[in-house]
Amino acid sequence: TKVPQQPSSIRYVTAGVCLIGAMVCLPAGFIQMVLVLQRGGYGSHSLGYAIAWLGLGGGLLGLGMALMIWELSVRHGVRH
């Protein structure tokens, strides 16, 4: 038999922190990308940093959304 999952405030807070981090990383990466491309730095290391910021923001956004959906489904008794 499966044991029902319990609501977790740690999961909820972690989701919030990930989502806030994504809201910081994505605009920062976008601004950095625009500045690098305005300077014509298509092959520079700065472009790699901008892409890394955007990738980190996307990862945090995905993780935060997954944790939030998981936690809300547990709290409201939605079957998986």
Side-chain angles (χ1 to χ4, degrees):
T1 63
K2 284 185 154 181
V3 177
Q5 293 183 350
Q6 298 295 319
S8 169
S9 58
I10 293 174
R11 206 167 29 229
Y12 205 65
V13 170
T14 303
V17 169
C18 286
L19 292 173
I20 290 170
M23 287 190 287
V24 171
C25 291
L26 288 172
F30 177 73
I31 291 169
Q32 191 171 3
M33 176 77 73
V34 168
L35 294 175
V36 167
L37 294 177
Q38 281 180 342
R39 286 182 271 153
Y42 290 100
S44 67
H45 291 292
S46 298
L47 186 64
Y49 291 131
I51 292 172
W53 274 106
L54 290 170
L56 177 64
L60 287 173
L61 182 64
L63 179 62
M65 288 303 298
L67 287 172
M68 189 66 73
I69 290 169
W70 180 16
E71 181 59 27
L72 290 176
S73 70
V74 168
R75 285 182 188 257
H76 294 287
V78 177
R79 294 187 52 89
H80 301 0

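What you see is a predicted model, and the numbers here were worked out from it, not measured in a lab.
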| query | Rounded to the nearest 0.5 Å, how far apart are SG of C18 and CE of M65? | reply | 12.0 Å
| said: Starting from L35 and following side-chain heavy-atom contacts under 4.5 Å between hydrophobic residues (I, L, V, M, F, W, Y), which residues can be reached? | reply: I31
| field | Residues which pass side chain to side chain contact (heavy atoms under 4.5 Å, CB included) with I51, listed by chain and number, not counting sequence neighbours | value | M33, L47
| field | Nearest heavy atoms of C25 and G57, plus distance in Å | value | CB-CA, 3.6 Å
| query | Under the salt bridge (charged side-chain N to carboxylate O under 4.0 Å, His left out) test, which residues partner R75, sequence neighbours left out? | reply | E71
| same_hphob_cluster(L72, L61) at 4.5 Å side-chain heavy-atom cutoff | yes
| field | Separation between CD of Q32 and OH of Y49, rounded to the nearest 0.5 Å | value | 9.5 Å
| said: To check you understand the geometry: which heavy-atom pair defines the closest contact between V74 and P7, and what is its length? | reply: CG1-N, 3.8 Å
| query | Would a hydrophobic clustering, with Ile, Leu, Val, Met, Phe, Trp and Tyr connected at side-chain separations under 4.5 Å, put L60 with Y12? | reply | no
| request: Please round to the nearest 0.5 Å and tell me the distance separating atom OG of S46 and atom CG of L37. | output: 10.5 Å
| field | Sub-4.5 Å side-chain heavy-atom contact between F30 and L26 | value | no
| message | Test of understanding: clusters of I, L, V, M, F, W, Y form through side-chain heavy atoms closer than 4.5 Å, transitively. Do L54 and V36 belong to the same one? | response | yes
